[in-house]
Protein chains: 2
Amino acid sequence: MLAIGTLSRRTGTKVQTIRYYEEIGLMNEAGRTSGGQRRYFEKDLDRLAFIRHSRQLGFSLDSIRELLDLSDNPSQSCAEADSIARRQLHQVEQRIKRLQALKKELKRMVAECDGDSVAECKVLEVLRDHAECLTEHDEIGA
Amino acid sequence: MLAIGTLSRRTGTKVQTIRYYEEIGLMNEAGRTSGGQRRYFEKDLDRLAFIRHSRQLGFSLDSIRELLDLSDNPSQSCAEADSIARRQLHQVEQRIKRLQALKKELKRMVAECDGDSVAECKVLEVLRDHAECLTEHDEIGA
DNA sequence: GCTTGAACCTCTATCTGCTGTAGCTTGCAT
DNA sequence: ATGCAAGCTACAGCAGATAGAGGTTCAAGC
């Protein structure tokens, strides 16, 4: 029987985060000692590792929920898991594209700045006047 | 005198967002009509445009606050604004790097999946076992 | 068996950057 | 004078945790 701190150490997850995952139903409710402390089995550790690893790959908690369901029902087709992963891949690719456009714009901005006074600062000027942008960037956020 | 809806339309910012920017002190407190409605000058529009444009380039509200301060005090050196922009560029570059690692891993994952049953699904297998990863990806988040 | 203190517990608040809703009031055109 | 779009405040909620207060439990050492 493993204490929450052990899971925390072995997966690199904050204790509060593990409790949070339980609260939102991502982790099963843990068994308790007579004193009310959570105790886990190895399978819980595996599940937490799965969650963490998926998070590291950028999957949303909702996607992870789906992936866990699939993992719990090994008779189904793999297609579903595959499509979730493809969707995630697509999202990552889109984000990269967007960030590369930002990078280009930022590079141009700092390259043109010659360290003069704020009054003629290129950085601030570009920010002030959207029309100076080379690229379109209408979305906000990553 | 411009109503909040006009600012909203002309900058593509939701009305609530403008009020939110006022609440957090990013926009100055707007003048009011006798009935309590906000009224703006052109300079407020410019400020909002600056904020929005900076957001589109991925700057945090805190960074934007600094940039606005600099913009309001044109006697200072440009160096500060430059360094904020460089910091932002650096962050964007880091995020791109990280996402590219994720992309690689996800690609490998979906490429190896041959649509069999969940029991031998490569996607789920990789997620289950971190040791199968080629890349290190210890941070979570973008 | 007793004491100590690290680790656990719950509950609540906080973060970023908004967005949405409810229920009401104002402003402007007709 | 009236109708109604657009404004107002206040509060709740989203993801995905993280932090702190204030209290309890567990296990090791004596």
Side-chain angles (χ1 to χ4, degrees), chain A residues 1-27 29-40 44 48 50-68 88 91 95 98 102 137-142, chain B residues 1-27 29-40 44 48 50-68 88 91 95 98 138-142:
Chain A
M1 302 291 274
L2 311 165
I4 198 166
T6 310
L7 262 75
S8 167
R9 249 170 288 118
R10 287 179 48 189
T11 60
T13 312
K14 293 239 158 67
V15 165
Q16 295 104 306
T17 304
I18 300 173
R19 291 198 280 247
Y20 169 71
Y21 287 159
E22 180 181 309
E23 194 184 313
I24 63 169
L26 215 52
M27 288 291 282
E29 280 199 29
R32 302 285 186 134
T33 63
S34 56
Q37 297 196 359
R38 289 172 182 80
R39 287 296 179 270
Y40 297 93
D44 299 308
L48 181 56
F50 184 106
I51 294 169
R52 284 271 108 183
H53 192 196
S54 305
R55 286 292 298 132
Q56 282 163 349
L57 287 168
F59 289 94
S60 70
L61 294 182
D62 271 356
S63 292
I64 295 172
R65 213 183 290 273
E66 291 182 67
L67 289 166
L68 282 167
Q88 176 62 20
Q91 273 174 27
R95 281 208 270 167
R98 181 169 146 59
L102 293 195
H137 39 73
D138 295 314
E139 286 168 81
I140 286 187
Chain B
M1 302 292 273
L2 311 164
I4 198 167
T6 310
L7 262 74
S8 167
R9 249 170 289 119
R10 286 178 51 187
T11 61
T13 313
K14 293 241 158 65
V15 165
Q16 296 105 304
T17 305
I18 301 173
R19 290 198 280 245
Y20 170 70
Y21 287 158
E22 180 182 308
E23 195 184 312
I24 62 169
L26 214 52
M27 288 291 282
E29 279 199 29
R32 302 285 186 134
T33 62
S34 55
Q37 297 196 359
R38 288 170 182 82
R39 287 296 179 268
Y40 297 93
D44 299 308
L48 181 56
F50 183 106
I51 294 169
R52 282 271 110 184
H53 191 197
S54 305
R55 285 294 296 132
Q56 283 163 349
L57 287 168
F59 288 94
S60 70
L61 294 182
D62 271 357
S63 292
I64 295 172
R65 213 184 289 273
E66 291 182 68
L67 290 166
L68 282 167
Q88 176 63 18
Q91 273 174 27
R95 282 207 270 167
R98 180 167 147 60
D138 295 312
E139 286 169 81
I140 287 190

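Just the heavy atoms: all of them, side chains too, but no hydrogens, waters or symmetry mates, feed the values below. If you're wondering where the values come from, they're calculated on a predicted model, not measured in any experiment. Each chain gets a letter, A, B and so on, in the order its sequence line appears, and its residues count up from 1.
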A:Ser60 side chain near D:dA15 phosphate (N/O to OP1/OP2, under 4.0 Å): no
Rounded to whole Å, please give me the gap between CE in B:Met1 and C1' in C:dC28. 16 Å
At their closest point, which heavy atom of A:Asp44 faces which heavy atom of A:Met27, and how far apart are they? O-CE, 3.4 Å
Interatomic distance, B:Ile64 CD1 vs C:dG17 P [rounded to whole Å]: 8 Å
Over how many whole Å does the gap from A:Glu23 atom CD to C:dT10 atom P extend? 10 Å
Minimal heavy-atom distance between B:Thr13 and B:Ser8, with the atoms involved, is O-OG, 2.7 Å
Do A:Tyr21 and A:Leu61 come close enough that some side-chain heavy atom pair is under 4.5 Å? yes
Please report the distance, rounded to the nearest Å, between CD1 in A:Ile4 and P in D:dT18. 13 Å
Give one of base, sugar-phosphate or nothing for B:Ile24, where a contact means two heavy atoms less than 4.0 Å apart. nothing
What's the closest nucleotide to the side chain of B:Thr17 if the choices are C:dT19, C:dT16, D:dT18? C:dT19
A:Lys14 side chain, from C-beta outward: closest of D:dA19, C:dT19, D:dG7: D:dA19
Looking only at heavy atoms, which two atoms of A:Tyr40 and A:Ala30 are closest? And how far apart? CE2-CB, 3.4 Å
Mind calculating the distance between CD (A:Gln16) and C1' (C:dA13) to the nearest angstrom? 13 Å
What one should report as the nearest heavy-atom pair of B:Leu7 and B:Leu48 is CD2-CD2, 3.8 Å
I want to check one thing: is the phosphate of D:dA17, taken as OP1 and OP2, less than 4.0 Å away from some side-chain N or O of A:Arg55? yes
Just to be sure I understand the geometry, which residues of residues 32-40 of chain B put a non-hydrogen atom under 4.0 Å away from DNA chain D? B:Arg32, B:Gly36, B:Gln37, B:Arg38
B:Tyr20 has a side chain; which of C:dC18, D:dA17, C:dC9 sits nearest to it? C:dC18
Rounding to a whole Å, what distance do you find between A:Phe59:CZ and D:dA17:P? 14 Å
Within this structure, what is the CD-to-C1' distance between A:Glu29 and C:dC9, rounded to whole angstrom? 15 Å
Heavy-atom pair with the smallest gap, counting every atom of B:Gln56 and A:Leu102: O-CD2, 3.2 Å
If the cut-off is 4.0 Å, is B:Tyr21 near the phosphate of C:dC18, judged by side-chain N/O to OP1 or OP2? yes
List the atom of A:Gly12, the atom of A:Arg52, and the distance in Å for their closest heavy-atom pair. O-NH1, 4.0 Å
Could you state the CG-P distance from B:Leu7 to D:dG7, rounded to the nearest angstrom? 10 Å
When you check the phosphate oxygens OP1 and OP2 of C:dC18, does a side-chain N or O of B:Arg52 lie under 4.0 Å from one of them? yes
